[in-house]
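Residue numbering restarts at 1 for every chain, and letters A, B, ... go by the order of the sequence lines.
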Amino acid sequence: MSNVPMNPEQQDAVNTIYGPLLVLAGAGSGKTRVVTQRIVNILEQGVHPSEILGLTFTNKAAGEMKERVRQMTHHNVLICTFHSLGARILRESIQALGYQPGFTIYDEQDVEKIMKLCLSEINPSLKLDSKQFLGMVSNAKNNLLAPDEIDPKTLESDQLLFPEVYKRYQAKMMEYNAVDFDDLLYLTGRLFKLHPEMLEHYQKRWSFLLIDEYQDTNGVQYSIVNNLVSKHHNLCVVGDPDQSIYSWRGANVRNILDFELDYPKAKVVRLEQNYRSRGNILDASNHLIKYNSGRLEKNLWSDRGPGEKIKHYTADTEKSEAQFVAEKIAFHYDKGDVPLKEMAIFYRTNAQSRALEDRFLIHHIPYVIVGGVSFYQRKEVKDILAFLRVVHSGVDFVSFSRTINIPKRGIGDTTIEKIRLGASESGFSLVAYCESLVQGKPLSYPIKLSAKQKEALLSYLSILHELREIGKSCSLKELVKNTIERTGYLQYLKEDPESEQERKENLNGLVSKAMEWELSAENPTLEGFLEELSLKSSLDEADQSKDRVSLMTVHNGKGLEFDVVFLVGMEEDLFPHANSRDSEIAQEEERRLCYVGMTRAREYLYLCDVRQRFLWGTTRLQRPSRFLKEIPSQHIEKIRPSFYAKSPQPMGYREEVSHVDEDDDVEEPFSDEIHAETADIDRLAAGDTVFHQDFGIGVIKQAYQGSSGLMFKVFFTKDSRERTLVAKLARLKKL
DNA sequence: CAATCCTGATTTTTT
DNA sequence: ATCAGGATTG
């Protein structure tokens with residue numbers, strides 16, 4: 001692709017270096033290439049690499065761009081996410097806002113603890129909804145509003161406490177020297193607003209700014225960007241209003257739509273040639289998005305030929321939907337034209353991945369969930385990171401309370417709360433306060449502790465002390481390793497033998513991450529390591545070396561492309577989601593989301609809907625998504641269930657599958673039943689521990705007569721799931 | 001006061 | 001199905 005000459009519009013964008021520039025980049029229009037080439041051109045003008053700042057929304061996008069620029073110019077240019085820019089600026093300058101240097105970044109779980117604390121302090125009897133208030137705090141911060149800038153008139157009657165809650169929350173976060181995700185932007189915005197001299201400092205540092213996915217910027221981000229460029233106006237923003245899908249996170253499409261009002265001298269370039277998708281896919285997407293009102297009209301075209309029509313399949317249940325996807329994956333894979341890593345399944349909600357996973361496991365289809373529960377969210381990893389944070393900070397309450405009773409020392413919630421209060425009232429850090437307690441020093445707010453508890457505190461503190469010493473003299477990797485060993489964590493893991501092995505492996509993974517980071521970072525401090533991990537999302541862990549299909553939400557698919565794309569769950573109330581039902585604006589965002597999903601596909605696009613789905617606790621009858629009707633039928637080919645009879649079997653699944661009737665209204669294979677061959681079933685009964693080739697060790701919960709003879713319900717410990725197996729086919733070994 | 005067991009709610013999307 | 005919060009027990 002990089003050999004193909006650029007089209008005139010691309011050249012125009014790439015050669016416009018000074019002044020404001022808006023690049024309206026349709027899906028697949030070669031945006032990344034333009035952005036990187038433009039940076040190369042700026043550098044060729046003699047601009048120093050450190051004067052350029054590129055901002056993206058994901059670490060992945062940032063990493064890719066940075067790498068491409070490096071390869072082309074051998075220069076390192078600062079390209080990072082908005083949040084890591086915030087972290088970088090605050091690490092240098094947060095003291096101006098009254099925080100200590102070396103702040104901790106709290107994730108959602110951490111933050112919820114703080115919010116609950118605040119709410120119970122304000123009124124313990126009132127059952128206030130911490131999630132709701134956190135959402136409001138986030139909203140306020142996204143719009144750069146401080147607690148005392150909240151207009152009470154905008155509040156509902158049940159939200160009148162909000163300004164007080166917000167204020168208390170910020171105070172508490174400051175007390176623990178912690179910031180939340182939104183603070184990384186909000187506090188940076190405040191800093192620029194309250195300290196013009198600081199703003200000037202950063203204005204001087206970066207004279208060329210480039211913002212990717214500008215349609216998804218929110219109020220704070222807008223303010224930060226505009227402040228930074230207000231002197232030189234060398235600002236290039238790239239985006240596509242039709243791909244704005246984060247308004248619920250405060251993103252404002254007006255930022256991109258009004259760019260020409262903000263910068264009347266702005267040059268506007270429209271990239272409308274799509275190099276990615278076949279005609280049928282592209283035309284269908286174009287027609288769908290036309291249903292939205294108030295768009296910036298555009299004409300995205302492709303010269304890649306019409307390609308295959310979009311395939312639409314209506315399944316009976318989510319299980320047969322998964323079955324269909326599995327078979328189609330096998331079809332393309334066996335045909336040999338598409339590797340697994342070039343196929344993706346997109347769904348609207350995370351919960352939908354379950355049915356697909358179950359099916360893929362049975363069919364031995366290698367898959368990866370992109371953006372599911374992150375490695376760094378695992379309990380054991382969070383525990384060790386919390387220890388490291390206490391080692392590093394000593395005032396961080398959430399990490400303190402998380403670790404103080406690991407392993408179990410007999411210090412429960414009540415004692416923790418006493419310590420928190422005592423430390424807070426006497427103005428000590430948590431660790432310093434505990435030290436005074438243990439040493440029997442006089443305190444302004446002493447608390448009573450049993451001898452046993454004092455001893456427990458002492459052992460905790462001595463471990464901390466030890467680790468701090470190690471931190472001073474050893475490498476980061478050694479510190480992490482010692483933290484795992486000396487805290488007694490490995491012993492603690494033995495309490496749950498089921499998960500012990502897996503958790504140990506995850507901790508080993510953490511040690512190697514520490515080592516990797518140490519080798520790659522310019523300045524490998526513990527603080528930097530913790531910051532990097534806080535900002536790292538599960539999206540960034542994807543391992544491209546393995547050939548496997550990707551499963552992800554449509555949101556996570558933004559910015560990616562695949563040869564084959566499946567969009568599943570195309571049903572009313574799911575996609576578009578039920579929560580958008582009574583808002584025209586929200587529905588248009590759902591449509592954009594669908595547009596984003598469709599335009600990820602290069603060669604083949606499959607759309608699936610289901611007649612009956614288990615959703616929100618019950619089985620519901622589903623109606624096909626309106627989006628299916630909005631796509632012109634000439635681009636769609638309906639696939640009917642009889643497809644099963646002719647299709648090849650999925651890989652690794654050559655065994656018996658229930659036959660399919662010739663009828664249209666066929667009964668599809670009951671996919672809950674797992675078939676395999678041989679067994680010595682006579683000796684098996686409920687309560688027996690068994691081994692299955694694919695699912696590992698399990699316990700038979702129930703044996704009963706089913707449609708295919710004797711059936712077993714088996715609970716497998718490996719993934720904590722219960723499966724129904726046909727006894728005479730199940731390859732079970734008694735243990 | 002801590003640990004364990006049990007119950008009841010709970011799924012939109014995430015840097 | 002999983003998890004947080006509550007009640008109970010030790």
Nearest whole angstrom, please: distance from the P of B:dT15 to the CG of A:Leu535. 11 Å
Does a side-chain N or O from A:Lys60 land closer than 4.0 Å to OP1 or OP2 of B:dT15, or not? no
Go through the side-chain N and O atoms of A:Thr403 and A:Tyr460 and say whether any donor and acceptor fall under 3.5 Å apart. yes
Which heavy atom in A:Met115 sits nearest to a heavy atom in A:Val165, and how many Å separate them? SD-CG1, 3.5 Å
Mind checking what makes side-chain hydrogen bond (donor to acceptor under 3.5 Å, both in side chains) contact with A:Tyr291, not counting sequence neighbours? none
DNA chain B: 5'-proximal contact among A:Ser580 and A:His83 (nearest heavy atom): A:Ser580
Is it the case that atom CZ in A:Arg623 sees more than 12 heavy atoms from other parts of the structure closer than 6.0 Å? no
If only side-chain N and O atoms of A:Asn556 are considered, is one of them under 4.0 Å from the OP1 or OP2 phosphate oxygen of B:dT14? yes
Counting side-chain heavy atoms from C-beta on, which of C:dA1, B:dT12, B:dT15 comes nearest to A:Asn579? B:dT12
How close or far is atom C1' of B:dT13 from atom CZ of A:Phe346, stated in whole angstroms? 14 Å
A:Tyr246 and A:Asn218: CA distance, side-chain angles, deciding distance, side chain to side chain contact (heavy atoms under 4.5 Å, CB included) verdict: CA-CA 9 Å; A:Tyr246 283 107; A:Asn218 62 29; over 6 Å; no
A:Asn218 has an atom CG; how far is it from atom C1' of B:dT15, in whole Å? 10 Å
To the nearest Å, how far apart are A:Asp107 CG and B:dT14 P? 15 Å
To the nearest Å, give me how far apart OH (A:Tyr106) and P (B:dT15) are. 21 Å
A:Thr415 vs B:dC1: side-chain N/O to OP1/OP2 distance below 4.0 Å: no
What nucleotide among B:dT14, C:dA1, B:dA2 has an atom nearest to a side-chain atom of A:Tyr246? B:dT14
Which residues pass the salt bridge (charged side-chain N to carboxylate O under 4.0 Å, His left out) test with A:Glu571, sequence neighbours left out? A:Arg613
If I take atom OH in residue A:Tyr347 and atom P in nucleotide B:dT13, what distance separates them, rounded to the nearest angstrom? 10 Å
Length of the line joining A:Glu590:CD and B:dT12:P, which is rounded to integer Å: 11 Å
Is a salt bridge present between A:Glu213 and A:Lys31, judged by a nitrogen-to-oxygen distance below 4.0 Å? yes
Please indicate yes or no: is the ring centre of A:Phe181 less than 5.5 Å from the centre of the six-membered base ring of B:dT15, with the two planes inclined by under 30 degrees? yes
With a cut-off of less than 4.0 Å, is there a side-chain N or O of A:Thr553 near OP1 or OP2 of B:dT12? no
Taking only the side-chain heavy atoms of A:Gln453 (C-beta and beyond), determine which of B:dA2, B:dT13, B:dT15 contains the nearest atom. B:dA2
What nucleic acid atoms does A:Gln221 come within less than 4.0 Å of, heavy atoms only: base, sugar-phosphate, or nothing? nothing
From NZ of A:Lys319 over to P of C:dA1, roughly how many Å is that when rounded to an integer? 10 Å
Do A:Tyr489 and A:Tyr492 have ring centres separated by under 6.0 Å? yes
Kindly check if the number of other-residue, nucleotide or ligand heavy atoms within 6.0 Å of CD1 (A:Ile585) is above 12? no
Would you kindly say whether A:Thr414 and A:Glu417 are connected by a side-chain donor-acceptor distance under 3.5 Å? no
Pairing of DNA chain B as dot-bracket, 5' to 3': ( ) intra-strand, [ ] crossing, | other strand, . unpaired, with Watson-Crick or G-U pairs under 3.5 Å? ||||||||||.....
Looking only at side chains, do A:Thr415 and A:Gln453 share a donor and an acceptor under 3.5 Å apart? yes
Please list, pair by pair, any protein nitrogen or oxygen found under 3.5 Å from a nitrogen or oxygen in nucleotides 3-11 of chain B.
residue	atom	partner	partner atom	Å
B:dA3	OP2	A:Asn405	ND2	3.1

N/O-N/O pairs, protein side and nucleotides 3-5 of chain C side, under 3.5 Å:
residue	atom	partner	partner atom	Å
C:dG5	OP1	A:Lys116	NZ	2.2

Among the candidates B:dT12, B:dT14, C:dA1, find the nucleotide nearest to the side-chain atoms of A:Arg354. C:dA1
On a heavy-atom basis, which atom in A:Tyr202 and which in A:Ser93 lie closest, and how many Å separate them? OH-OG, 2.7 Å
Please enumerate all residues that pass ring pair (Phe, Tyr, Trp, His ring centres under 6.0 Å) together with A:Tyr222, with sequence neighbours excluded. none
